[in-house]
Amino acid sequence: MVKRKLVIDTDPGIDDAMAIVFACLHDEIDVVGLTTIFGNVSTETATRNACALVELVGQDIAVARGSDTPLVQAPRPFAWEIHGREGFGDVQLQPPAQGSLVDETAAEFICRKVHEEPGEIDICAVGPLTNLALALRLDPSISAVARSVVVMGGSLDAGGNASKAAEANIWQDPHAANAVFSAPWDVTIVGLDVTKQVVCTPEDFSMLAVKAPTLGGFLNRVVQYYFAATRERSGISGCHMHDPTAVIAAIRRELFTIRNSAVEVIEAGEQAGATVRSASTERPSVSVCCGVDNTAVQHLFLRTIETGF
Ligand code: BDR
Ligand code: CA
């Protein structure tokens with residue numbers, strides 16, 4: 001079987017941890033690297049968490065540290081109220097003993113990887129898009145050699161979660177998102193329009209802890225904080241599977257209804273971070289996920305983690 005090669009750009013983060021564990025366990029995915037970014041926590045904490053996750057899954061995956069700050073705007077507060085100060089709710093992972101950290105920035109790592117295997121690397125970004133924008137700045141030719149870019153971010157018709165209008169990843173760095181959405185590469189947006197429809201419950205995660213005590217057990221422990229935050233904000237018993245849904249969109253496009261449109265990001269003011277359809281003929285069209293077979297996505301996530309240990 002030919003595996004899809006994924007670089008995951010991430011701010012771990014509870015649902016980031018779910019996405020990374022899912023990708024590492026799925027037999028059609030080869031995770032070729034994690035690049036880190038601020039968002040849910042600082043870049044320093046995100047990097048430590050990414051290294052700890054690599055150790056937890058027991059795979060040899062490079063981690064490259066990304067930017068500490070957005071491209072233009074002043075840094076926004078981290079999402080501690082959703083993910084906890086350390087990013088994994090109340091759970092403290094052991095500081096990683098083995099060095100999976102490479103001596104390159106995230107942007108340099110992305111540029112090197114996509115050129116080493118032209119047409120082979122999918123970039124799945126589940127945090128603010130600063131590293132991708134910096135990679136494009138460093139080497140615009142990556143847009144021609146990356147296989148695709150799948151972004152968890154934005155919201156076309158579902159309202160925001162960081163502000164009334166903006167989804168958190170885009171709100172953290174709207175200028176970077178604008179750069180990524182206007183570059184000539186194959187971009188798919190997996191925003192709140194679909195990720196809010198994919199919900200897993202406390203029962204789902206308890207079952208994972210029983211069937212896969214190490215990795216399912218870890219996810220069940222960290223998700224408790226996320227459940228409490230989601231209950232308080234949205235009143236639901238369960239959590240939105242934002243980042244795992246983006247990884248699943250990278251390998252199971254047929255589970256999504258996709259419409260093509262140019263997308264622009266409002267960079268400042270009250271609507272900062274909002275993603276809007278654009279009539280501009282100069283902007284490339286991107287694939288926007290508007291519908292999802294949420295049951296199939298939930299099942300695929302749960303079944304894949306169950307095979308863990
Ligand atoms: C996105 O923001 C972060 O809090 C999550 O990890 C996810 O990537 C959801 O809006
Ligand atoms: Ca994330």
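Order of listing sets the numbers, starting from 1, for every ligand and every atom in it. All values below were derived from every heavy atom in this structure, side-chain atoms included, with hydrogens, water molecules and symmetry-related copies excluded.
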Interfacing atoms of ligand 1 (cut-off 4.0 Å, heavy-atom, N169): 1 (C), 2 (O), 3 (C), 7 (C), 8 (O)
Proximity to ligand 1 by part of D243, non-hydrogen separation under 4.0 Å: side chain
Side-chain heavy atoms of L93 within contact of F218, under 4.5 Å: yes
Beyond-backbone contact of W185 with L136, side-chain heavy atoms, under 4.5 angstrom: yes
More than 12 heavy atoms from other groups under 6.0 Å of CD on Q59: yes
Geometry at the Ca ion (ligand 2) - V126 O versus D16 OD1 angle, rounded to 10 degrees: 140°
Atom name of the N, O or S atom in D243 that lies nearest to the Ca ion (ligand 2): OD2
Which of the ligand 1 atoms, numbered from 1, are nearer than 4.0 Å to a heavy atom of M152: 1 (C), 7 (C), 8 (O), 9 (C)
Path from I14 to V190 over hydrophobic side-chain contacts below 4.5 Å: yes
Heavy-atom gap H83 to ligand 1 smaller than 4.0 Å: yes
Protein residue, atom and distance nearest to atom 6 (O) of ligand 1, heavy-atom basis: D15 OD1, 2.6 Å
Atom name of the N, O or S atom in D11 that lies nearest to the Ca ion (ligand 2): OD1
Heavy atoms from other residues, nucleotides or ligands near CZ of R252 exceed 12 (cutoff 6.0 Å): yes
Residue among F78, Y226, F88, Y225 satisfying ring-ring contact (aromatic ring centres under 6.0 Å, His included) with H83: Y226
Shortest protein heavy-atom distance from atom 4 (O) of ligand 1, along with the residue and atom involved: N40 OD1, 2.6 Å
Any side-chain donor near an acceptor of the partner, T35 and N131, under 3.5 Å: no
Contact with ligand 1 for N161, non-hydrogen, under 4.0 angstrom: yes
Charged N-O contact under 4.0 Å between E116 and K113: yes
Atoms in ligand 1 flagged as close to D16, the criterion being non-hydrogen separation under 4.0 Å: 6 (O)
Per-atom contacts, ligand 1 versus E167 - under 4.0 Å to a heavy atom: 1 (C), 2 (O), 9 (C), 10 (O)
